[in-house]
Amino acid sequence: MDNNALKACLEKRLANLKGGEKGMINEASVATMLKHLGISSELLNLACEYFSLAPKLNVIWLHLAECTGCSESLLRSEKPDLAEFIFEFFSLNYHETLMLANGTKAEECLEKAMKEEFVLIVEGAVAPIDTFYLSIGAEGKSGYELLQSVADKAQIIFAVGTCSSYGGIQAAYPNPTKTCGISQVLSQKVIQIPGCPPSDVNIVATLAFYALFGEAPELDDKNRPKWSYGKCLHDMCERKAKFESGIFAESFDDVAAKNGACLFKVGCKGPYTYNNCPKVKFNAKTSWPVAAGHGCIACSEENFWDDFGFYEKPMTNAFAYAKIKRENELILENKNLTLSALKDEINEDELIFYLKESLQILIKKEETLELLNFNFEANLKCALTNLAKNKLGLSLLENYKKSFPKQYAFIEANFDENSKLSNDIWEFFGLSYILAKGEFLKDKRHFIEAAQNYAFKHASPYDFKLSVKEDGVKLDLNKSLRMSLIYLCGGLELEGIAFSLLSALAKSLKEIQKNYADKRLILSVDESLNQPFLHQILS
Ligand code: FSX
Ligand code: SF4
Ligand code: F3S
């Protein structure tokens, strides 16, 4: 909903309210929540009026398998503060760690609270198989049983925290209690607010949206509110310029760390994490992990405890908990023909990724062909000179030279000053191979094998610039070579670089493929590269 639609919705809901006594509402708190939600301040008066007139939303907050960090986070909410939250904006009718009642009295409270309409918030994971792993309350009900019975009557369900969204720490390998996120056992839709813990702002403002408009804010494909989880936190980080300049802390107490260096090399997982921590921070906006000097551990991402390796190390194979098993399930057809033969033979229902001496996408469309044309600077020495034309790039190159003298000497000795443009994607991959290894990529298979041997599930982001227009598609790789230098300086190895580059290519190709959903995907690669892993990553 845009601001006009939100306004219309609020006006309608206000008109439906029966006139009653006006409650006290702190305007500054409403303004803060609207700001976080990205809602125009023009709606402030309406929103305040609605909160002051509407009956408060009843909230039942359940605790399952967790550490109560989510509740701790809520306690530190500032606008609204906890007292406002529970007395003025919402009515917190059941919360085991905050309420006075215990034992049978607590159970009576829950029964009473369930007699009215209510919103359910669940903190913590559920053990649906061996349910005895969590028993709660005077009657020793299992968490699973409790969840089911309360969820059945709830008007909407929010999973607050990574435990309740995805299972969390107790679901870490080998997950002896077989715990999981609540959406895996409930048939109802669950709005997820992950984070271990999530910020108070993400909890409170999401609830406020529901209270005002009667529905959840816009969600992503994991049912997370887009306003809070829609962007990569690395892109909002105050240390990002240091990352781009290749300035990394080597240890938590070194001079670079004190001067605000990027924490990637000491394990920051910011580039893999979608959350708004740098913006909203924690403890009433006091700080957030990276500002406090420790890297992000991706605490709001699914399986963060298993998938991102050691907390204080970069994602190189030595620091993975277990090597990922890459299944080769889907094998595409390989038409190993010359480009001109393919152009003649292509069928109406085919879309061909041609990955040989040039990168092409072949689509027959009323006798015309759409080609993916691009070129990049393939003389590595010239490419590095181009990169060093701005301040960050210059610093990055200097740091690369310092960290990789052997590789740099190889580049100096083997490239001249003459620019050479290429559109061969393998040559582009070969440049990163040289940056990592200080030698030429003699066999393309070595690159694919390195990618296949990467022990982590997640690729490091590469910013390939792709534009899909009616007259064709363009892929600009020129700016992305710098990512290889950054990741190398930040402690990644060839394996991570190769996997991430192939993933970035796959992502771009898939973006193009979306426009041709009715066509069959076919590869065209040399027989030596016709390997299951390449099919797998591209398909
Ligand atoms: Fe703890 Fe909440 Fe982590 Fe889990 O936060 S902070 S273990 S997400 O459920 O209490
Ligand atoms: Fe910030 Fe971490 Fe990204 Fe470095 S890697 S810029 S510390 S989020
Ligand atoms: Fe968690 Fe990373 Fe934010 S560790 S709190 S998602 S900075």
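As the structure is a prediction and not an experimental result, all values here were calculated from the model.
Residues Ser480 and Phe428 share a closest heavy-atom pair of OG-CZ, 3.6 Å. The minimum heavy-atom distance linking Ile203 with Cys70 is given by the pair CD1-O, 4.0 Å. Cys196 approaches Thr162 most closely through the heavy-atom pair N-OG1, 3.6 Å. When all heavy atoms of Ala256 and Ala249 are compared, the pair lying nearest together is CB-CA, 4.2 Å. Annotation for Tyr166 and Pro194: closest pair CE1-CB, 3.8 Å, computed over non-hydrogen atoms. Nearest heavy atoms, Tyr400 versus Ile434: OH-O, 4.4 Å.
Of the possible polar contacts, one joining the Lys269 side chain to the Gly267 backbone as a donor-acceptor pair under 3.5 Å is found. Under a 3.5 Å cut-off, the side chain of Ser73 and the backbone N or O of Pro198 do form a donor-acceptor pair. Side chain of Asp254 to backbone of Ser251: a donor-acceptor contact under 3.5 angstrom is found. The closest donor-acceptor contact from the side chain of Asn390 to the backbone of Gly393 lies under 3.5 Å. No donor-acceptor pair closer than 3.5 Å links the side chain of Arg520 to the backbone N or O of Asp349. Ser422 places a side-chain N or O within 3.5 Å of a backbone atom of Asp424 that can act as its donor or acceptor partner. Judged purely by atom type and a 3.5 angstrom limit, Asn175 uses its side chain to pair as donor or acceptor with the backbone of Thr179. Within the 3.5 Å criterion, the main-chain N or O of Ser228 finds no donor-acceptor partner in the side chain of Lys279. The main-chain N or O of Asn275 is never found under 3.5 Å from a side-chain atom of Ser300 such that the two would form a donor-acceptor pair. Remark: the backbone N or O of Ser40 is paired with a side-chain donor or acceptor of Asn3 at under 3.5 angstrom.
Here the side chains of Tyr516 and Ile363 are in contact, with some heavy-atom distance below 4.5 Å. Here the side chains of Asn453 and Phe499 are not in contact, with every heavy-atom distance at 4.5 Å or above. Under the 4.5 Å side-chain criterion, counting only non-hydrogen atoms from C-beta, Trp426 is not in contact with Lys356. The closest side-chain heavy-atom distance from Phe415 to Cys382 is not below 4.5 Å. Within the 4.5 Å cutoff, no side-chain heavy atoms of Cys237 are placed close to those of Phe243. Under the 4.5 Å side-chain criterion, counting only non-hydrogen atoms from C-beta, Val190 is not in contact with Val122. Annotation: side chain of Phe376 is not in contact with side chain of Leu421 (no heavy-atom distance under 4.5 Å). Side-chain contact between Leu351 and Leu362: absent, with no pair of heavy atoms (C-beta onward) separated by less than 4.5 Å.
Ring planes of Tyr454 and Phe456: tilted class, angle from 30 to 60°. The aromatic rings of Phe429 and Phe447 lie parallel to each other, with less than 30° between the two planes, well short of the 60° mark. Ring geometry for Phe252 versus His294: interplanar angle under 30°, hence parallel rather than tilted (30 to 60°).
Between Lys222 and Asp220, none of the side-chain N atoms (NZ, or NE/NH1/NH2) sits under 4.0 Å from a carboxylate O, so this pair counts as no salt bridge. Under 4.0 Å is where a charged nitrogen must lie from a carboxylate oxygen, and between Glu301 and Arg224 at least one such pair does. Here Arg76 pairs with Glu72 in a salt bridge; the nearest charged N to carboxylate O distance falls below 4.0 Å. A salt bridge is absent between Glu377 and Lys420; no separation between the charged side-chain nitrogens and carboxylate oxygens falls under 4.0 Å. Ion pair Arg482/Glu244 flagged as a salt bridge, since at least one NZ, NE, NH1 or NH2 atom sits closer than 4.0 Å to an Asp/Glu carboxylate oxygen.
For the atom pair OH of Tyr487 and CD1 of Ile497, the computed distance is 8.5 Å after rounding to the nearest 0.5 Å. Atom-to-atom distance recorded for Asp443:CG and Leu529:CG is 7.5 Å, nearest 0.5 angstrom. Annotation: the span from Phe308 atom CZ to His458 atom NE2 amounts to 3.5 Å, rounded to 0.5 Å. Summarising the geometry, atom CG belonging to Leu466 is positioned 10.0 Å from atom NZ belonging to Lys507; distances are rounded to the nearest 0.5 Å. A distance of 10.5 Å separates CG in Leu502 from CD in Gln452, rounded to the nearest 0.5 Å. Here the straight-line distance linking atom CD1 of Ile486 with atom NZ of Lys242 works out to 14.0 Å at 0.5 Å rounding.
Annotation for Lys240: atom NZ counts as buried by contact number, over 12 foreign heavy atoms lying within 6.0 Å. No more than 12 heavy-atom neighbours from other residues, nucleotides or ligands sit within 6.0 angstrom of OH on Tyr274. Within a 6.0 Å sphere centred on NZ of Lys323, other residues, nucleotides and ligands contribute more than 12 heavy atoms. Counting non-hydrogen atoms of other residues, nucleotides and ligands closer than 6.0 Å to NZ of Lys510 gives a total above 12. Counting heavy atoms of neighbouring residues, nucleotides and ligands inside a 6.0 Å radius, atom NZ of Lys381 exceeds 12 of them. The number of heavy-atom neighbours closer than 6.0 Å to NZ of Lys401, taken from other residues, nucleotides and ligands shown, is above 12.
A side-chain donor from one of Asn530 and His535 sits under 3.5 Å from a side-chain acceptor of the other. Side chains of Glu123 and Ser164: no donor on one and acceptor on the other come within 3.5 Å. Side-chain contact annotation: Glu238 with Trp288, donor-acceptor N/O pair under 3.5 Å present. Side-chain atoms of Tyr462 and Ser484 form a donor-acceptor pair, as typed in the model, at a separation below 3.5 Å. At a cut-off of 3.5 Å, with distance as the only test, a side-chain donor of Asn379 or Asp416 sits close to an acceptor on the other residue. At a cut-off of 3.5 Å, with distance as the only test, no side-chain donor of Asn334 or Asn336 sits close to an acceptor on the other residue.
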Kindly determine whether Asn386 and Asn478 satisfy side-chain contact (heavy atoms from CB on, under 4.5 Å), including the steps that lead there. CA-CA 9 Å; Asn386 292 345; Asn478 283 295; over 6 Å; no

Assess the residue pair Leu485 and Leu397 against the criterion (side-chain contact (heavy atoms from CB on, under 4.5 Å)); give the C-alpha distance rounded to whole Å, side-chain angles, the decisive distance to 0.1 Å, and a yes or no. CA-CA 8 Å; Leu485 280 102; Leu397 184 59; 4.3 Å; yes

Stepwise side-chain contact (heavy atoms from CB on, under 4.5 Å) check, Asn515 with Val468: CA-CA 9 Å; Asn515 298 342; Val468 186; 3.0 Å; yes

Could you give me the CA-CA distance, side-chain angles and deciding distance for Phe410 and Phe440, then say whether ring pair (Phe, Tyr, Trp, His ring centres under 6.0 Å) is met? CA-CA 9 Å; Phe410 178 88; Phe440 288 113; 5.0 Å; yes

Verify side-chain contact (heavy atoms from CB on, under 4.5 Å) between Ile193 and Tyr229, making sure each step is shown before the conclusion. CA-CA 9 Å; Ile193 307 179; Tyr229 300 93; 3.3 Å; yes

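The six-membered or imidazole ring of Tyr321 lies near that of Phe310, with a centre-to-centre distance under 6.0 Å.
With Glu350 as reference, Lys335 is the one residue of Lys335, Lys343, Lys519 to meet the salt bridge (Lys or Arg N to Asp or Glu O under 4.0 Å) rule.
A cation-pi geometry, defined here as NZ or CZ lying under 6.0 Å from the six-membered ring centre and within 45° of its normal, holds between Lys313 and Phe319.
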